[in-house]
Amino acid sequence: MRVTGLVPARFLTLTSHLVLLVTLLMAREENVLACLPLEYTQVEYNRRDAEFLGGLVGGIALAALELIGFITGGSMFASLPSIISIACHSGASVSLAYLVLDAWDCRLYWWVFALTSVLPALLEVGVIVNVFMLKKNV
């Protein structure tokens, strides 16, 4: 069964997720401040900022890995991984947009990261291994 429209939808949601991650990277101060109590020290701020920065860089790296796998064609036409990727990146785009606009507690980002960046990246790695190393059609 061939589902049409998955390729552009997947590309757009993945790109949207990546753009929002870069936007959060450049404007992370409000979210870091939302993690801290009213009275905080510079050490606490630096620790939360480094933690949030690491999560954002990890999310960008996983999204870039998936985008490279997609653009090389390894997983472009795999239906089930594409549907899961579209669902995850759509959810990530919506939740990260709220994270940018409402300045959520930065610890909530880790839930978004685990559910919407790690899962599709693991599927992408599995598809890449199947297609390029094991020479299987997905």
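In what follows, residues are counted from 1 in the order of the sequence shown.
No side-chain donor-acceptor contact under 3.5 Å links Y45 to the backbone of L33. Checked by atom type and distance alone, the side chain of D102 never pairs as donor or acceptor with a backbone atom of W104 at under 3.5 Å. Between the side chain of T72 and the backbone N or O of G69 there is at least one donor-acceptor pair closer than 3.5 Å. Judged by distance alone, the side chain of N31 and the main-chain N or O of L99 form a donor-acceptor pair under 3.5 Å. A donor-acceptor contact shorter than 3.5 Å is absent between the side chain of S75 and the backbone of A78.
In this structure, L18 is a member of the same hydrophobic cluster as M76, with clusters built from ILVMFWY side-chain heavy atoms closer than 4.5 Å. Linking Ile, Leu, Val, Met, Phe, Trp and Tyr residues whenever their side-chain heavy atoms come within less than 4.5 Å places V7 and I71 in a single cluster.
Among residue pairs with one or both ends in residues 105-136, those qualifying as disulfide (SG to SG under 2.5 Å) are C35-C106; sequence neighbours excluded.
In plain terms, the two heavy atoms of E124 and F70 that are nearest each other are OE2-N, 3.6 Å. Between D105 and R107, the shortest heavy-atom distance links the atoms OD2-NH2, 2.7 Å. When every heavy atom of S90 is checked against every heavy atom of T13, the shortest pair comes out as OG-CG2, 3.3 Å. For the residue pair H17 and L96, the shortest heavy atom distance occurs at CD2-CD1, 3.5 Å. Across L119 and C88, no two heavy atoms sit closer than the pair CD2-SG, 3.8 Å.
The structure places CG of L101 at 8.5 Å from OH of Y98, a figure rounded to the nearest 0.5 Å. Atom-to-atom distance recorded for K135:NZ and M133:CE is 9.5 Å, nearest 0.5 angstrom.
In this structure, F132 places its CZ atom where more than 12 heavy-atom neighbours from other residues, nucleotides or ligands lie under 6.0 Å away.
Ionic pairing of R48 and E51 is present here: one or more N-O contacts between side-chain nitrogen and carboxylate oxygen are shorter than 4.0 angstrom.
Using cut-offs of 30° and 60° for the angle between ring planes, the W110 and F113 rings count as perpendicular.
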Hey, can you pull the donor-acceptor pairs under 3.5 Å for the side chains in residues 58-66, sequence neighbours left out?
from	atom 1	to	atom 2	distance (Å)
E66	OE1	H89	NE2	2.7
E66	OE2	R10	NH2	3.4
E66	OE2	S85	OG	2.6
E66	OE2	H89	NE2	3.3

